[in-house]
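What follows is a short report on a single structure.
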Amino acid sequence: MDPASRPGPPPRAKRSLGQNFLIDPNAQRRIVDALDASADDEVMEIGPGQGALTRHLAERAGRLVLVELDDELARRLEAEFAGNPRVRVMHRDVLQVPLEEVTADPARLKVIGNIPYNITTPILFGLLERRPRPREIVLMVQKEVADRILADPGNRTYGALAVGVRAVADAERVMNVGRKAFRPIPDVESSVIRIVPHHPPRVTQQDERSLRHLTRAAFGQRRKQFQRILRDAYGLSAEQVGALGEELGMDLRARPESFAPERFVDLARALRERSAPPPDLSAGDAEG
Ligand code: SAM
């Protein structure tokens, strides 16, 4: 459909749905370029909104599934792409859509989105804490969240998010995007990140579960030495923790934030193999 004949002016942006539309054409193109979608690819776009990325994607992807929660925007997208059999609009909450409903082959799916920032973590972990994981994920996120995902060990912002993502995927920053690239102008700076899950996975599902328990325990008390956390949270003796550190070549007197994601995986695996009970974390959520 010709953009000029779209029905009426676009509705007012809804804060509740995180609607900050990307108006900078250069940023739009660069995000879509980062996904590298071709005619062989199936792509899911999360929160297509007024179609800023969608129109570029529709020219490239073999099949494009648009998941949009907003009634009016979903209706407009349906009207705009009605004549394109390669584009399907799902008027749904992305958090309620299993990838199996999007595609017959989730392992080949590429995912892209300028997403509502208030649901970044559930979107991200919804894509990563499942099997098979999608092939590639390109997301616009709050810059501060990108910084946390990409932080190096030892950095103040390194924590559960960095370990959770980078234990199962490679992650990189594509670019930073200033506030003026959006309308309405948001309060925060943004970054585009590209996440490529390891294929085949390097961590078993059992070890991933163990890793989640470990990172919650570790970063819930990040000022403590790792050995103290393991003793308190897993009920291990000083001797058991000493033996664990020696076996893995890890100095567990250091704080959790000094260990790379791979070391967390090694530790989580060793704890599971020793059948150390997962910690009771009912007292509250982990920080970072
Ligand atoms: N992609 C567009 C762009 O770049 O201009 C819009 C981005 S805007 C930041 C986020 C979009 O996600 C909005 O269109 C909003 O309606 C949609 N949205 C919000 N919550 C959603 C949800 N739970 N599931 C699917 N879409 C959602």
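Note that ligands are numbered from 1 as they come in the structure, with each ligand's atoms numbered from 1 the same way.
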Of S190, G51, G113, G47, the residue with the heavy atom nearest atom 1 (N) of ligand 1 is G47
In this structure, atom 3 (C) of ligand 1 is nearest to the protein heavy atom N114 ND2, 3.4 Å
Honestly, for R92 the part within reach of ligand 1 (heavy atoms, under 4.0 Å) is backbone
Assess whether a salt bridge exists between R30 and D33, defined as any Lys/Arg side-chain N lying under 4.0 Å from an Asp/Glu carboxylate O.
no
query = Got a salt bridge between R75 and E72, using NZ or NE/NH1/NH2 to carboxylate O under 4.0 Å?
reply = yes
- prompt: So is I46 in contact with ligand 1, going by heavy-atom distances below 4.0 Å?
  reply: no
*Classify the angle between the aromatic ring planes of F264 and F259 as parallel (below 30°), tilted (30 to 60°) or perpendicular (above 60°).*
perpendicular
Looking at L17, D71, L69, the heavy atom closest to atom 22 (C) of ligand 1 belongs to L69
Logged contact type for I119 with ligand 1, heavy-atom cut-off 4.0 Å, is side chain
Nearest non-hydrogen protein atom to atom 18 (N) of ligand 1, with distance, is P116 CG, 3.8 Å
Report yes or no: does a heavy atom of Q50 sit under 4.0 Å from some atom of ligand 1?
-> no
Here the gap from L236 atom CG to I229 atom CD1, rounded to the nearest 0.5 Å, amounts to 12.5 Å
From the list V87, V89, D70, side-chain contact (heavy atoms from CB on, under 4.5 Å) with L77 holds only for V89
Report task. May I ask whether K14 places a heavy atom under 4.0 Å from ligand 1? Result -> no
Interatomic distance, CZ@F226 vs OG@S258, rounded to 0.5 Å, equals 8.5 Å
